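Have a look at the structure below before the remarks.
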Amino acid sequence: MDQKNSNGFSKPISCNEENWPIFSLDHFLTPNHYDDCLDRILIPHGLITDRIQKMALEFYNSCDKSKPILALCVLKGASQFFHELVQAL
């Protein structure tokens, strides 16, 4: 069951070790140069992609369809997320 906040959007996902599964590195292909740095994967790319698509759908459904969507990314570090969000719109 999907939980919504007062605006009708999904509630944020809390991502801490108590309530979030930890994925073993054995289940993922990682570059060799990360072998000494990684001991687990917190959030697989597929989960992130699914959440971005859901966010885009919620955003699109809440917009006024008679006006174009103007999107601007102002944080350099957010460019990958922004690109995927705009592609999903």
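Hydrogens, waters and symmetry mates are skipped; everything else that's a heavy atom, side chains included, is used. Small disclaimer: the values here were computed from a predicted structure and weren't measured.
- Shown here for T30 and L25, the closest heavy-atom pair between the two residues is CG2-CD2, 4.4 Å.
- Pairing each heavy atom of F59 with each of L89, the nearest pair is CD2-CD2, 3.8 Å.
- L85 and L72 fall into different hydrophobic clusters, where Ile, Leu, Val, Met, Phe, Trp and Tyr side chains are chained together by heavy-atom contacts under 4.5 Å.
- The 12-atom threshold is not exceeded at NZ of K67, counting heavy atoms of other residues, nucleotides or ligands nearer than 6.0 Å.
- To the nearest 0.5 Å, the span separating CG on L38 from NE2 on H33 amounts to 9.0 Å.
- Within 6.0 Å of the CG atom in D36, the count of heavy atoms belonging to other residues, nucleotides or ligands does not exceed 12.
- When side chains are defined from C-beta on, R51 does not count as touching I48, because their heavy atoms never get closer than 4.5 Å.
- Open room surrounds OH on Y60; 12 or fewer heavy atoms of other groups in view lie less than 6.0 Å from it.
- Looking at every heavy atom in both residues, F81 comes nearest to M55 through CZ-CE, 3.9 Å.
- The cluster map of Ile, Leu, Val, Met, Phe, Trp and Tyr, joined by side-chain heavy atoms under 4.5 Å apart, puts F28 and L47 in the same cluster.
- With contacts defined as side-chain heavy-atom distances shorter than 4.5 Å, the pair Q87/E84 does not qualify.
- Considering only heavy atoms from C-beta on, Y34 comes within 4.5 Å of P31 through its side chain.
- Closest approach of A56 to A88, counting heavy atoms only: CB-CB, 3.6 Å.
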